[in-house]
Structure formats: C-alpha cells, structure tokens
Visitor: 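One structure coming up, written as structure tokens, with questions to follow.
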Amino acid sequence: MNADTATSMTGKTVLITGATGGIGRAAAVALSSMGARVGITGRDRARAEYAAATIARESGNSAVDVFVADMSSQAEVRRLASEVLAAYPRLDVLLNNVGGFWAHRHATADGLEHTFALNHLAPFLLTSLLLERLKTSAPARVVTVSSGAQSMGSIDFDDLMGDRKYSGQRAYNQSKLANVMFTYELAKRLEGTGVTATVLHPGITSTDFGREDQARGWGPLIGVMRRFMKSPDQGAETSVYLASSLGAEGLTGKYFANRTPKKTHRASYDAAITARLWQVSAELVGLPITLH
Ligand SMILES: NC(=O)c1ccc[n+]([C@@H]2O[C@H](COP(=O)([O-])OP(=O)(O)OC[C@H]3O[C@@H](n4cnc5c(N)ncnc54)[C@H](OP(=O)(O)O)[C@@H]3O)[C@@H](O)[C@H]2O)c1
C-alpha cells in the first residue's frame, strides 16, 4: 500500500454498491482495512452475507453491513436509500460502483432498458436520495465508476432506451458517458457544500463483468485476455484513492484513470447536454426537476 492509500478511514462510513464481487468487493476490503465502516450492496442476500463475511475476515474489521436490493428497480433503490438513511446517521463516501454489460436488450421492472437503468439511473437516484445525508456529513465524497468506454459513447436523447436500435456495446458506452456527465453536473450543483463528485475508469479488470448475458465469442476472448487484465485489487485502486486519500481531498468534477485526471468525451463538457441529461434522468426516476 502506498502513502496515498494508507489514509486512515477510522470513524468514516462508506457505502459501496455492487460489492459482492469484482472491483466493488476489492474496494470494500481496502477501505475496510483502513478502518471504515463499509456497507455493501448486492441482489442476493446469501451472496452478500458471504461477501461481507469474507471482507470482514480479509480486512480484520468486522464493521461490514449488508444491504440487499436489485438496483435495476427504482422501488428497490428507494427502499435501499431509506434503509441506508436509517442505518447510517452519517455517510462520508458513496461509491457508485454497480454496473454491467448486457449483450441483449432487457426491460426492468419499470419498463426501462436495463443497462441505462442500472448503470446510470440507479446511481443518479441513489445519490439524489442520499445527498442531504452526505451534505450533513461534509466533507464527503461521491465517487462513480465509469469506464474508458465513455469516450466512445453518445447520449441518444431520441432513443435513450434502445427501443429502435439496441446493441450491448452502444448501451454500455452511453451509460458510461452518462456517469461522467452526471458527475460533472453533480459537482457543479454541489459547489460550496463540502461534498465532492469524481468519476473514474478502473482499467480492464478480471471480474465477472458481462458474464450474465455475454456477447457471442466473449467467453473465449476474455479467457485469453484475463492474464493481461488488472486484478480486482488493482482495478479498485483508483476508486479507493478517490474515496479515501488525502491527496484527493477537495478534487471535484474530474475523471481519473490510474489515479490521474484525464480528459473525457467532448460532449461531457457541453453544459447544455449535461443539464439536459440531468433533467431527463430526473423525469425518468420521478424526482423534481431543479434547474441549476
Ligand atoms: N471489469 C472491467 O474491466 C471494467 C472496466 C471498466 C469499467 N468497469 C465498471 O466497474 C464496475 C464494477 O464492475 P465489475 O467488473 O466489478 O463487475 P462484476 O464483477 O460483474 O460485479 C458487479 C457487481 O454488481 C452487482 N450487481 C449486478 N447487477 C446488480 C443489480 N441489478 N442490482 C444490484 N447489484 C447488482 C453484483 O452483485 P450480485 O450479482 O451479487 O447482485 C456485483 O457485486 C461497473 O460499473 C463496470 O461498468 C469494469
């Protein structure tokens, strides 16, 4: 562990979505090892309880809490938020890690396209519902896991849900660009509150990513590529850095890869597009539209 990540997180509370495996679980072990109380989320109670037990064992910190919710459903995100608010009188870090890739179009319980709903609308809604708690806990941090795929994305306002045309890659790229735009707009809205918002690319990491609904040829390809990928611990490094390090204190409205600020898709710097995405997202999750 280097000096930046050796920060003490004792007394801090961190919520990490999608932390039963992969990058989220590795981030949970790291932040728990620094002394944080860590809440993890997953869809399945048994899997989440097992993950919590192994995180506690590996970190030597028993303060690991389990929250169960299928975050593709807005009702479940709302229930999750109310359980988190009841459990945590303060919240220092929200790590929006949940996300994935689906080769085929799936509809959620709300009738929305699954990739957009889980990768973008779930963190948008959860963050909005937890924002007052983050503000009263300031200095606090919202860290969102995007992907280098954001650079190939575009926000298709005429077909956000891929009703007319769906490709898993296109939906993924769009959702990951949405993570970046969400963060930039959030950072503006949070100016002066002591709550920061950053977004990151973890690097290509060997996890269960894309396993649920694989694109044709994906399995053998990934099998060959795995040995060149980052380990989950390595993939979690930038998340952990942004969530905990003193060096990242006060950083806001920026995108990182390998703990270094990087430029993002040109459209992400277009204030009219980010504001429009915010407005459409608020409508889709039934939140009041507040103009900035
Ligand atoms: N791996 C990479 O190379 C890579 C590259 C760039 C960006 N990323 C991003 O990194 C993040 C983490 O990915 P990963 O590679 O660690 O993926 P992963 O191994 O597939 O882990 C995904 C996590 O999300 C949870 N999850 C999935 N669907 C869910 C749902 N509907 N509701 C609640 N939880 C759900 C899973 O928990 P359960 O299955 O237990 O519910 C699991 O804990 C994602 O945002 C991904 O886009 C990954």
Side-chain angles (χ1 to χ4, degrees), residues 15-29 38-52 54-55 66-77 79-81 95-102 106-110 112-126 143-153 168-169 171-180 182-183 199-214 218 221-222 225-226 228-240 242 255-258 262:
L15 181 72
I16 310 177
T17 62
T20 62
I23 295 165
R25 183 189 174 286
V29 173
V38 173
I40 64 163
T41 85
R43 280 166 294 183
D44 178 81
R45 179 157 298 276
R47 202 157 55 228
E49 300 273 9
Y50 177 77
T54 61
I55 292 164
V66 166
F67 297 93
V68 179
D70 179 342
M71 294 184 64
S72 69
S73 151
Q74 291 178 17
E76 297 241 330
V77 174
R79 181 181 51 74
L80 169 65
L95 176 47
N96 287 315
N97 169 79
V98 79
F101 175 96
W102 287 268
H106 303 271
T108 66
D110 303 302
L112 303 173
E113 189 279 307
H114 188 270
T115 315
F116 193 74
L118 182 68
N119 293 8
H120 168 59
L121 293 177
F124 178 87
L125 178 57
L126 184 66
V143 179
T144 300
V145 181
S146 173
S147 163
Q150 56 80 23
S151 66
M152 297 173 289
Q169 191 64 58
Y172 184 72
N173 298 349
Q174 172 177 260
S175 72
K176 292 290 143 179
L177 178 57
N179 291 154
V180 175
F182 160 64
T183 299
V199 59
L200 67 112
H201 170 49
I204 307 299
T205 307
S206 181
T207 64
D208 282 344
F209 180 80
R211 194 168 280 179
E212 231 165 68
D213 176 15
Q214 295 183 347
W218 177 265
L221 178 69
I222 290 298
M225 283 171 59
R226 264 196 208 284
F228 303 108
M229 293 180 178
K230 289 185 175 183
S231 68
D233 287 353
Q234 292 168 327
E237 273 180 10
T238 302
S239 296
V240 173
L242 292 173
Y255 170 90
F256 293 79
N258 292 322
K262 301 270 186 220

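Counting convention: from 1, in listed order, for ligands and their atoms alike. Just so it is clear, the model here is predicted, and its values are computed rather than measured.
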Visitor: With Ser231, which residues qualify under side-chain contact (heavy atoms from CB on, under 4.5 Å), at least two apart?
Guide: Asp233, Gln234
Visitor: Do Leu200 and Val145 have side chains that approach each other closer than 4.5 Å (heavy atoms only, starting at C-beta)?
Guide: yes
Visitor: Check side-chain contact (heavy atoms from CB on, under 4.5 Å) between Ser175 and all other residues, then give those that pass, not counting sequence neighbours.
Guide: Thr115, Asn119, Tyr172
Visitor: Where does the angle between the aromatic ring planes of Phe101 and Phe209 fall among parallel (under 30°), tilted (30 to 60°) and perpendicular (over 60°)?
Guide: tilted
Visitor: Got a sec, which residues hit side-chain contact (heavy atoms from CB on, under 4.5 Å) with Asn258, two or more places apart in sequence or on another chain?
Guide: Lys230
Visitor: Hey, is the main chain of Val68 close enough, under 3.5 Å, to the side chain of Arg79 for a donor-acceptor pair?
Guide: yes
Visitor: Would you check ligand 1 and list the protein residues that come within less than 4.0 Å of it by any heavy atom, ordered by chain and number?
Guide: Gly18, Ala19, Thr20, Gly21, Gly22, Ile23, Gly42, Arg43, Arg47, Ala69, Asp70, Met71, Ser72, Asn97, Val98, Gly99, Leu118, Val145, Ser146, Ser147, Tyr172, Lys176, His201, Pro202, Gly203, Ile204, Thr205, Thr207, Asp208, Phe209
